[in-house]
Amino acid sequence: TRLVAYVVADQAEQADPAAWRAWLAATLPDYMLPAAFVVLDAFPLTPNGKLDRQALPAPGQADVAREAFQSPSNATESLLADIWASGLQLEQVGIHDNFFAIGGHSVLAITILGKIRQAFDRQIPLQMFFDAPTISQFASMMMDQKKKRSSRLNWDE
């Protein structure tokens, strides 16, 4: 489940979901920002002239507000990208895509966190999704956490 914006735009307007999301971010709180923007020629209407919600198309990959794709640069980022893509039901997730901007939400974060804990065999707090919402940031925090834990173990010995 994700928030989707359906837009009827002039051809002169550029259909750029990331730009629209950035524009809305100036006035709306994060939880109200759409994850996808579907451009329509016209809104589908019922015979009564009301919006026909059943006729609205599902958003495609191109409709999701995303950053320019950058592939993972190490094994940790690669595994995280695979887990996030699977959980978000996307073909791929770049290391700079914001989890919440591409359709993530707190309930899904809990599910994905379980898969991350299983894959890395580590306890990771849910708060990390909010503090580090991109794969790049998340992987960096995981590495920092591992270094801190490792230095404490060496100190205690």
Side-chain angles (χ1 to χ4, degrees), residues 1-120 123-142:
T1 304
R2 65 179 95 173
L3 185 58
V4 176
Y6 290 91
V7 181
V8 175
D10 294 340
Q11 288 187 359
E13 292 182 51
Q14 185 177 356
D16 182 7
W20 287 339
R21 191 171 202 289
W23 179 73
L24 287 173
T27 56
L28 295 175
D30 286 345
Y31 69 91
M32 293 181 74
L33 295 176
F37 293 82
V38 178
V39 179
L40 303 172
D41 293 331
F43 289 114
L45 302 176
T46 65
N48 297 353
K50 294 184 179 185
L51 178 66
D52 186 354
R53 294 174 193 256
Q54 301 296 329
L56 291 171
Q61 293 285 327
D63 301 321
V64 177
R66 304 174 78 165
E67 297 296 320
F69 179 78
Q70 185 173 348
S71 60
S73 60
N74 58 48
T76 300
E77 288 179 352
S78 183
L79 186 51
L80 286 172
D82 290 343
I83 293 169
W84 285 24
S86 172
L88 291 161
Q89 298 177 347
L90 296 172
E91 289 178 26
Q92 62 184 10
V93 176
I95 63 170
H96 298 299
D97 287 332
N98 183 301
F99 177 77
F100 299 101
I102 60 174
H105 49 81
S106 57
V107 176
L108 183 58
I110 293 168
T111 303
I112 291 176
L113 190 58
K115 292 178 182 179
I116 293 171
R117 286 176 179 157
Q118 188 176 27
F120 290 94
Q123 287 297 326
I124 299 170
L126 177 62
Q127 185 62 37
M128 272 183 63
F129 269 100
F130 300 97
D131 295 340
T134 68
I135 289 174
S136 175
Q137 294 168 334
F138 200 93
S140 179
M141 280 188 94
M142 283 180 61

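Throughout, residue positions are numbered sequentially from 1 according to the sequence presented.
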>> Nearest 0.5 Å, please: how far is CG in Leu126 from CD1 in Ile110?
In response: 5.5 Å

> Hey, does the side chain of Asn48 reach the backbone of Lys50 with a donor-acceptor pair shorter than 3.5 angstrom?
Replying inline: no

>> Can you list everything that forms a ring pair (Phe, Tyr, Trp, His ring centres under 6.0 Å) with Tyr6? Sequence neighbours excluded, please.
In response: none

>> For Pro57 versus Val38, what's the shortest heavy-atom pair and its separation?
In response: CG-CG1, 4.0 Å

> Do the rings of Phe100 and Phe130 sit parallel, tilted or perpendicular, given the 30° and 60° boundaries?
Replying inline: parallel

> Once you round to the nearest 0.5 Å, how far does OG1 of Thr111 lie from CD1 of Ile83?
Replying inline: 12.5 Å

> How far does OG of Ser71 sit from CD1 of Ile135, to the nearest 0.5 angstrom?
Replying inline: 11.0 Å

> side-chain contact (heavy atoms from CB on, under 4.5 Å) between Phe138 and Phe99: does it pass, once the steps are laid out?
Replying inline: CA-CA 10 Å; Phe138 200 93; Phe99 177 77; over 6 Å; no

> Do you know which two heavy atoms are closest between Ala119 and Leu79, and how far apart they sit?
Replying inline: CB-CD2, 3.9 Å

> Taking all non-hydrogen atoms of both residues, which atom of Pro72 and which atom of Ala81 are closest, and how far apart?
Replying inline: CG-CB, 3.9 Å

> To the nearest 0.5 Å, what is the distance between CG (Leu51) and OG1 (Thr46)?
Replying inline: 8.0 Å

>> Tell me the closest heavy-atom pair linking Leu3 and Met32, and the distance in Å.
In response: CD2-O, 3.1 Å

>> Using the ring pair (Phe, Tyr, Trp, His ring centres under 6.0 Å) criterion, which residues pair with Phe43? Sequence neighbours excluded.
In response: none

> If you look at every heavy atom in Arg117 and Pro125, which pair is closest and at what distance?
Replying inline: NH2-CA, 4.3 Å

> Can you tell me how far OG1 of Thr76 sits from CE of Met142, rounded to the nearest 0.5 angstrom?
Replying inline: 6.0 Å

>> Is it the case that atom CD in Gln127 sees more than 12 heavy atoms from other parts of the structure closer than 6.0 Å?
In response: yes

>> Between Asp97 and Trp84, is the side-chain contact (heavy atoms from CB on, under 4.5 Å) condition met? List the steps.
In response: CA-CA 10 Å; Asp97 287 332; Trp84 285 24; over 6 Å; no

> Could you state the interatomic distance from CE (Met141) to OG1 (Thr134), rounded to the nearest 0.5 Å?
Replying inline: 11.0 Å

> If you look at every heavy atom in Lys115 and Ser86, which pair is closest and at what distance?
Replying inline: NZ-OG, 4.2 Å

